[in-house]
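First comes the structure, then the notes that go with it.
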Amino acid sequence: LFSATADGQGLAAATVTRVRADGSRSDENTIVYDPAQNKIVPIPIDLGPATDRVFLLLYGTGMRFRNVTAIAQIGGVNTPISYLGPQGFFVGMDQLNLLLPRTLLGRGDVDINLNIQGQAANPLKVKIK
């Protein structure tokens with residue numbers, strides 16, 4: 001999995017797609033560069049009203065065609081995988097979409113753990129509002 005600092009550790013290089021009850025969608029960032037701190041910091045993911053479905057989109061390599069035995073957890077909670085395959089814009093980049101469970105509300109910093117065919121990916125973090 002790709003990290004925000006490109007070293008495979010810390011915050012995930014991820015985005016969020018929000019699908020509202022009326023079917024409208026919006027994309028949101030999960031990180032921002034803070035010049036005062038001179039570093040990348042998390043933007044807390046707001047799960048919004050119960051009618052919203054919020055997907056965490058992660059990026060990496062070596063994941064496509066292996067979703068048969070993929071298990072994802074966020075904050076220790078098993079998380080449904082809605083897509084695992086080619087990213088579509090960049091050659092060789094894969095994308096993993098996870099539906100964020102509402103049980104994560106208010107959890108703050110949480111670990112993302114992914115296991116594909118018995119192989120653990122590098123653990124990363126996001127922040128949940």
Worksheet entry | Working for salt bridge (charged side-chain N to carboxylate O under 4.0 Å, His left out), residues Lys125 and Asp109 | CA-CA 7 Å; Lys125 294 186 177 296; Asp109 293 329; over 6 Å; no
With heavy-atom distances below 4.5 Å as the criterion, would you say the side chains of [X] and [Y] are in contact?
X: Phe55; Y: Leu98; result: no
X: Thr61; Y: Phe2; result: yes
X: Leu105; Y: Ile128; result: no
X: Pro123; Y: Asp111; result: no

Joining Ile, Leu, Val, Met, Phe, Trp and Tyr whenever any side-chain heavy atoms lie under 4.5 Å apart, the cluster holding Val32 also takes in Val41, Ile43
Acceptor/donor pairs from residues 7-16 side chains to any protein atom, 3.5 angstrom cut, sequence neighbours excluded:
unit_1	atom_1	unit_2	atom_2	d
Asp7	OD1	Ser3	OG	3.4
Asp7	OD1	Thr5	OG1	2.7
Asp7	OD1	Gln9	N	2.9
Thr15	OG1	Tyr59	OH	3.1

With sequence neighbours left out, the residues meeting side chain to side chain donor-acceptor pair (under 3.5 Å) with Gln119 are none
Contacts of Asn122 meeting side chain to side chain donor-acceptor pair (under 3.5 Å) (sequence neighbours excluded), chain-then-number -> none
Atom pair [atom1] ([X]) and [atom2] ([Y]), whose distance is rounded to the nearest 0.5 Å:
X: Leu56; Y: Ser82; atom1: CG; atom2: OG; answer: 10.0 Å
X: Arg102; Y: Leu104; atom1: CZ; atom2: CG; answer: 10.0 Å
X: Ile71; Y: Ile116; atom1: CD1; atom2: CD1; answer: 10.5 Å
X: Tyr33; Y: Lys39; atom1: OH; atom2: NZ; answer: 11.0 Å

Please report, to 0.1 Å, the donor-acceptor pairs under 3.5 Å made by any side chain of residues 73-81, with sequence neighbours excluded.
unit_1	atom_1	unit_2	atom_2	d
Gln73	NE2	Asn78	OD1	2.9
Thr79	OG1	Ile74	N	3.3
Thr79	OG1	Val77	O	2.8

With sequence neighbours left out, the residues meeting salt bridge (charged side-chain N to carboxylate O under 4.0 Å, His left out) with Arg18 are Glu28, Asp52
ILVMFWY cluster, Leu58 and Val110 together (side-chain gap under 4.5 Å):
yes
So, Thr17 versus Arg53: side-chain donor-acceptor pair below 3.5 Å or not? no
Q | Backbone of Lys127 reached by a side-chain donor or acceptor of Arg107 within 3.5 Å | A | no
Between Leu114 and Leu1, does the side chain to side chain contact (heavy atoms under 4.5 Å, CB included) criterion hold? Intermediate values first, please.
CA-CA 9 Å; Leu114 175 64; Leu1 294 173; 4.1 Å; yes
CA sep, side-chain torsions, deciding dist, call: Asp34, Ile40, side chain to side chain contact (heavy atoms under 4.5 Å, CB included):
CA-CA 6 Å; Asp34 182 349; Ile40 296 171; over 6 Å; no
